[in-house]
Amino acid sequence: MPVEARRFSFVEVDKSLGVASSLPYLPLTLSYQDASLSVSGLLDTGSTVNVLPYDIGRQLGAVWDRQTTSVRLTGNLARFEARSLIVSATVAEFERVRLAFAWTRADNVPLILGQVNFFLEFDVCFFRSQKVFEIKPKES
């Protein structure tokens, strides 16, 4: 039986700007070892990688010094050190997937869901004029 797409609304991040500040934030649950955390991630088709802010990684119980694979970030995050961290993620009622993150030392960034590997696990369709987007797991 095919999995149906799930629709989500864009989120206004600045009430004073109204609809102009609406962005596609996706609620999801991240799990690492024995910890789980409900978060929202910004869907960013222009981001090559998923980016995890430092504090979220710590809340999940990850230890910076135990993550030995460095990741080079670009753009406005290029000045921050980042390391690879693999976590499980659950979106809505879909099956859990493994997501690879560039866990950055920066905290002043959103959790970013990018091409590697969020958009490899999920098909996403944006309906910007309607302020909604749809998510569907990739076909097996």
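This one's a predicted model, so the numbers in the text were calculated from it and none came from an experiment.
What you find for Ser88 and Arg96 is that their closest heavy atoms are CB-CD, 3.3 Å. Across every non-hydrogen atom of Phe8 and Ala92, the tightest pair is CZ-CB, 4.2 Å. Of all the heavy atoms in Val49 and Ala102, the pair that sits closest is CG2-CB, 4.1 Å. Looking at every heavy atom in both residues, Gln67 comes nearest to Ser84 through OE1-O, 3.6 Å. Considering all non-hydrogen atoms of both residues, Phe133 and Phe126 come closest at CB-CD2, 3.9 Å. Heavy-atom minimum distance, Ala89 versus Leu28: CB-CD1, 4.0 Å.
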Leu111 and Val51: side chain to side chain contact (heavy atoms under 4.5 Å, CB included), yes or no, with the steps?
-> CA-CA 6 Å; Leu111 186 150; Val51 177; over 6 Å; no
Yes or no on side chain to side chain contact (heavy atoms under 4.5 Å, CB included) for Ile86 and Tyr32, after CA distance, side-chain angles and deciding distance?
-> CA-CA 8 Å; Ile86 309 296; Tyr32 181 76; over 6 Å; no
Carefully, step by step, assess Ile135 and Phe94 under the rule side chain to side chain contact (heavy atoms under 4.5 Å, CB included).
-> CA-CA 10 Å; Ile135 301 282; Phe94 303 139; 4.0 Å; yes
How far apart are the C-alpha atoms of Lys136 and Cys125, what are their side-chain angles, what is the distance that settles it, and do they pass the side chain to side chain contact (heavy atoms under 4.5 Å, CB included) test?
-> CA-CA 9 Å; Lys136 182 180 177 184; Cys125 189; over 6 Å; no
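The shortest side-chain heavy-atom distance between Tyr54 and Phe80 does not fall under the 4.5 Å cut-off. The closest side-chain heavy-atom distance from Val13 to Tyr25 is below 4.5 Å. Looking only at side-chain heavy atoms (C-beta outward), Thr69 and Leu85 stay at 4.5 Å or farther from each other. Within the 4.5 Å cutoff, side-chain heavy atoms of Val124 are placed close to those of Phe118. With contacts defined as side-chain heavy-atom distances shorter than 4.5 Å, the pair Trp103/Val87 does not qualify. Looking at heavy atoms from C-beta onward, Ser21 lies out of side-chain contact with Lys15 at the 4.5 angstrom threshold.
One N or O on the side chain of Asn50 and one on the backbone of Gly114 form a donor-acceptor pair closer than 3.5 Å. Here the side chain of Asn117 pairs a donor or acceptor atom with the backbone of Arg98 at under 3.5 angstrom. Asp107 places no side-chain N or O within donor-acceptor distance of the main-chain N or O of Pro53, the cut-off being under 3.5 Å.
Within a 6.0 Å sphere centred on CZ of Arg58, heavy atoms belonging to other residues, nucleotides or ligands number 12 at most. Within a 6.0 Å sphere centred on CD of Gln130, heavy atoms belonging to other residues, nucleotides or ligands number more than 12.
Between Glu81 and Arg83 there is a salt bridge, with a side-chain nitrogen of the basic residue lying less than 4.0 Å from a carboxylate oxygen of the acidic one. At a threshold of 4.0 Å, the pair Arg6-Glu93 counts as salt-bridged, since one of the basic side-chain nitrogens sits closer than that to a carboxylate oxygen.
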Run the side-chain donor-acceptor check on residues 33-45: report pairs under 3.5 Å with partners two or more places apart or on a different chain.
residue	atom	partner	partner atom	Å
Ser36	OG	Ser31	OG	2.9
Asp44	OD1	Gly46	N	2.9
Asp44	OD1	Ser47	N	3.3

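The CG atom of Leu30 sits 10.5 Å away from atom CD of Gln59, with the distance rounded to the nearest 0.5 Å. The OG1 atom of Thr104 sits 11.5 Å away from atom CD1 of Ile56, with the distance rounded to the nearest 0.5 Å. Taken to the nearest 0.5 Å, the CG atom of Asp55 stands 9.5 Å off from the CG atom of Leu52.
Other residues sharing the hydrophobic cluster of Phe127, ordered by chain and number and joined by side-chain separations under 4.5 Å: Val132.
Note: the hydrophobic cluster containing Leu26 does not contain Leu23 (ILVMFWY, side chain heavy atoms under 4.5 Å, direct or indirect links). Hydrophobic clustering, with ILVMFWY side chains joined whenever heavy atoms are under 4.5 angstrom apart, groups Val3 together with Val91.
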